[in-house]
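Along the sequence shown, residues carry numbers from 1.
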Amino acid sequence: NGVTFFKKLTILSIYCQKRDNNKHMKRTGWVLRNVSDPETISGHMYRMAVMSFLLDDDDNVNRDRVMKISLVHDMAESVVGDLTPHCGVSDEDKHKKEVAAMEHFITLVGEKAGNEMYNLFLEYEEQKTPEAKLVKDLDKFDMILQAFEYETSQDRAGSLDEFFKSTEGVFTHPKVKKWVEELYVQRNRVLNDPAEHS
């Protein structure tokens, strides 16, 4: 009923606010590179979800599921933070912390919504379904797209090259591969003639 819904929503909102939630938490990678006004975790997940609208039947995935996974894949970071290799936390420990966070969300929002979010998160982590693998591609693509936007908007052409190098050869979905190729064309134009794009 309505009361239950608003109670759950209020509890979740208060909990996330106390944890410096995804709505305001800046992504660690950009903060460490001194990017001005870096994106938030929620901004990253939202743009990935919007990208899913560009998928069609030829892409052989459930578009709605891709959208849902995109919206929850980093949700645990509202609790554990945006942990990167630079944070000194192993992948195993990071996974354990995030699983525990997602399990806790079930107690906040109830079994139906909580279990759906938890299972979508695990699907992403396990990388066994076409949808999960595509979301992983979207995650990496959004990162390099954001890097390119920072390079061009903050007059720092080529300064975030490590993000591009870290994703070389990792993309698997044909459509995302095309997007990556187009992005590289645009970035090379800027790198070859920065004055024209300043």
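A donor-acceptor pair under 3.5 Å is formed between the side chain of H73 and the backbone N or O of S70. Between the side chain of E151 and the backbone N or O of L160 there is at least one donor-acceptor pair closer than 3.5 Å. In terms of modelled atom types and a separation under 3.5 Å, the side chain of K175 and the main chain of L54 share a donor-acceptor contact. D137 places no side-chain N or O within 3.5 Å of a backbone atom of V176 that could act as its donor or acceptor partner. Judged purely by atom type and a 3.5 angstrom limit, D56 uses its side chain to pair as donor or acceptor with the backbone of D58. Formation of a donor-acceptor pair under 3.5 Å by the Q154 side chain with backbone atoms of S36 is found in this model. D142 places no side-chain N or O within donor-acceptor distance of the main-chain N or O of L138, the cut-off being under 3.5 Å.
Between the side chains of T129 and E123, at least one donor N or O sits under 3.5 Å from an acceptor N or O.
Between R63 and E131 there is no salt bridge, since no side-chain nitrogen of the basic residue lies less than 4.0 Å from a carboxylate oxygen of the acidic one. A salt bridge links E92 with K96: at least one charged nitrogen is closer than 4.0 Å to a carboxylate oxygen. A salt bridge does not link D64 to K68: none of the charged side-chain nitrogens sits closer than 4.0 Å to a carboxylate oxygen.
Counting non-hydrogen atoms of neighbouring residues, nucleotides and ligands closer than 6.0 angstrom, the CG atom of N188 exceeds 12 such neighbours.
Between A132 and I69 the shortest heavy-atom distance is N-CD1, 4.2 Å.
For the pair R187 and F164, the distance from NZ or CZ to the six-membered ring centre is under 6.0 Å and the angle to the ring normal is within 45 degrees.
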* Y118 and V72: CA distance, side-chain angles, deciding distance, side chain to side chain contact (heavy atoms under 4.5 Å, CB included) verdict -> CA-CA 8 Å; Y118 179 76; V72 304; over 6 Å; no
